[in-house]
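Read through the structure below, which is laid out as structure tokens, and then see the notes.
Side chains are part of it too, since the values below use all heavy atoms of this structure and drop only hydrogens, waters and symmetry mates.
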Amino acid sequence: MVNHIAAAIRENKTCSILTPIFVTIDVFFEVLIPIVMAMLIDQGIDSGNPKAVLHFGAILICMAGGALLFGILSGVTAARAATGLARNLRHDIFHHVQGFSFSNIDHFSTSGIITRLTTDVTQVQNAYQMVVRIAFRAPVMLTFAFIMTLRISPKLSMIYLLAVPILGGGLGLLIKRVHRLFRQVFDTYDELNNVVQENLNGIRVVKSFVREDHEKEKFNTISNKLFGLFLKAERLMILNSPLMQFCAYGCTLLISWIGARLVVGSSMTTGELTSMFNYTTQILMSLMMLSMVLVMVIMARSSVERIEEILSENSDLTSKPDGIQTIPNGAVDFNQVSFSYVGDASKSSLSNIDLHIASGETIGVLGGTGSSKTSLVQLIPRLYDVTLGSVQVGGIDVREYDLDALRNEVAMVLQKNTLFSGTIKENLRWGNPNASDAEIIHACKLAQADGFIQEMPDGYDTHIEQGGTNVSGGQKQRLCIARALLKKPKILILDDSTSAVDTKTDACIRQAFRDEIPDTTKFIIAQRISSVQDADHIIVLDDGHVSGFGTHAELLKTNQIYQEVYRSQNKEDAQNA
């Protein structure tokens, strides 16, 4: 379970090793201080020897200074080791997630991944800092201090052994019950993050439907659930404190009672008894520190398990090690394809799809909501793998290609595309990082985006807010089309990506495609027949099956679904006119 955590230490190994060394030296000084103090009392103060007082006092000051110095050094190296581990863990998780397929991401949910990158990593960071410093310091201090008490009084030192089974048994019961609760706590964090994320992403919808009270209630419900779980866990964890205090005060009282009798009976000096009290404090403080570490480790254990789930997840879409790097052309073939999101052929979203599309053709895709239009085109760049059959691009099964090489030749423009914070130029260069200004302007002219960009205050240097909130839906779609065109792909997929533009602009975009990229295979998913009627072929999908495949004229004669859609839309157009 800790393999991935250990692997994330990397360049922080030096600090991780130095910390226990510095801690050991620090503890060495602290353990010797009570012995020197006993000498100062017995040989200096009780004997009335000023020179001995000065001598042992100077030694005490040097030891205290040494303990302070190495305590600071251990704190610095522990902090560097822990923060470095956290940085590497976030790096490993984020880079690993980049290789996930859509189904892998759906398995964890976006909010679950975010919680692991933030809350869970922070828990591991705090626990690691405690482990390399406190968890090492406490047992070393405990061991050294106990050895010194044996040296002073074997009889009194046996008192400490009485506390071990009491503490061990009590903490063992706590660990078993609390770990389960903390696992539920961090899973609930996922739910809380999901509620907040949904609310912020859809804040305009929330306000337009006046659903603020509903969202507040939903948030309060999950927040109260988290509060209840935390409260239950903390109620159990707080039992750790009275247990520690019981053992600490019990040991102190026994040593005071028995030690006083030994001093009266001249079996022990006053300095030795003082040292015993100091060592008692050190031993009990060590036990309390171990208890604190244990609490952190219990909390971090759940986080480690959740991080391990991410890092152990293997993408169900992988490139072949010797995958083909070159895509010959944009020809696409669906050979008896069936596809299921759950991998079960009996629950297929697409069934028995057999289509053969030549390179450079324009293909319209039409169908009702839920007819699996998007599912069909997502198989081409291998965002999902087929359940049965095969999809070929350029006459080669897409699974034979290097994944990056395939996706670099397939550009997708979705109905709901994402723009990132940055300038328009920076967003467009996602399509081609090396695109010149002239290429960017040309792509925007093809996508009918140059006009509104030029009207913006800073033109192509206009800043886009996160998610593209400062541009309209139609402007966002045109920018995304321009971004895709900059890739100069062999296959261009428009997934209902002109739904927010008017028919005239839609027609101009399609005309630009015909004139400027005739060799690119184009898939146009649309709700309007006018957007696809000029296509070389039109696919009509119905409940995951191909209901029709042909030209606009052919489908008007042969396909009932196409006829109904055509009549419905023409009737609407006539009424609007």
Side-chain angles (χ1 to χ4, degrees), residues 1-31 33 62-96 114-145 178-179 182 185-186 189 230 234 237 240-241 244 281-282 284-308 310-311:
M1 183 175 71
V2 298
N3 290 342
H4 288 110
I5 306 296
I9 297 174
R10 293 201 283 278
E11 72 277 8
N12 302 295
K13 285 181 181 177
T14 301
C15 285
S16 298
I17 294 170
L18 284 176
T19 300
I21 294 173
F22 291 150
V23 164
T24 302
I25 298 173
D26 175 22
V27 169
F28 176 74
F29 281 127
E30 287 194 31
V31 169
I33 285 174
C62 291
M63 286 185 170
L68 175 64
L69 173 64
F70 286 98
I72 293 172
L73 289 174
S74 67
V76 170
T77 52
R80 286 181 176 174
T83 52
L85 170 72
R87 178 192 61 198
N88 291 340
L89 266 181
R90 291 190 183 97
H91 171 277
D92 293 349
I93 295 170
F94 186 80
H95 280 248
H96 192 66
I114 291 172
T115 305
R116 286 166 170 84
L117 275 164
T118 51
T119 306
D120 287 321
V121 170
T122 301
Q123 289 291 344
V124 173
Q125 174 186 335
N126 293 336
Y128 186 72
Q129 185 168 353
M130 296 279 280
V131 166
V132 295
R133 190 180 183 207
I134 306 301
F136 191 83
R137 175 189 175 86
V140 171
M141 173 74 80
L142 188 65
T143 303
F144 283 4
V178 172
H179 171 253
F182 276 118
V185 163
F186 292 121
Y189 266 128
F230 251 127
E234 292 297 335
M237 291 305 302
N240 173 60
S241 179
M244 288 298 308
T281 302
Q282 290 180 352
L284 296 176
M285 285 298 295
S286 298
L287 290 172
M288 293 186 74
M289 284 190 290
L290 280 175
S291 175
M292 289 169 54
V293 172
L294 190 62
V295 171
M296 290 299 300
V297 169
I298 291 171
M299 294 178 66
R301 180 183 168 188
S302 300
S303 294
V304 168
E305 290 174 352
R306 286 161 50 82
I307 291 170
E308 186 73 14
I310 287 274
L311 294 176

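At a cut-off of 3.5 Å, with distance as the only test, a side-chain donor of Arg133 or Ser74 sits close to an acceptor on the other residue.
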Criterion side chain to side chain contact (heavy atoms under 4.5 Å, CB included) on Ser16 and Tyr128, from CA distance to verdict: CA-CA 10 Å; Ser16 298; Tyr128 186 72; 2.6 Å; yes
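Side-chain contact between Leu311 and Ile307 is present, with at least one heavy-atom pair separated by less than 4.5 Å. Between Asn12 and Ile9, the closest side-chain pair of non-hydrogen atoms falls below 4.5 Å.
Note that CD1 of Ile93 is 5.0 Å distant from CG of Leu117, once rounded to the nearest 0.5 Å. Between the CG atom of Leu85 and the CZ atom of Arg10 there is a distance of 9.0 Å, given to the nearest 0.5 Å. If you take CD1 on Ile72 and CZ on Phe22, they are separated by 12.0 Å, rounding to the nearest 0.5 Å. Separating the CG atom in Leu68 from the CD atom in Glu30 is a distance of 10.0 Å, to the nearest 0.5 Å. One distance of note links CD of Gln125 with OG1 of Thr122; it measures 6.0 Å at 0.5 Å rounding. The line from OG1 of Thr83 to CD of Gln129 is 7.5 Å long, rounded to the nearest 0.5 Å.
Residue-environment remark: CZ (Arg90) exceeds the threshold of 12 foreign heavy atoms within 6.0 Å.
Between the side chain of Asn88 and the main chain of Ala8, a donor-acceptor pair closer than 3.5 Å is present. Side-chain atoms of Arg116 come within 3.5 Å of backbone atoms of Arg306 as a donor-acceptor pair (strictly under, hydrogens ignored). The closest donor-acceptor contact from the side chain of Asn126 to the backbone of Gln123 lies at 3.5 Å or more, if one exists at all.
Counting all heavy atoms, side chain and backbone alike, Val132 lies closest to Ala78 at CG2-CB, 4.0 Å.
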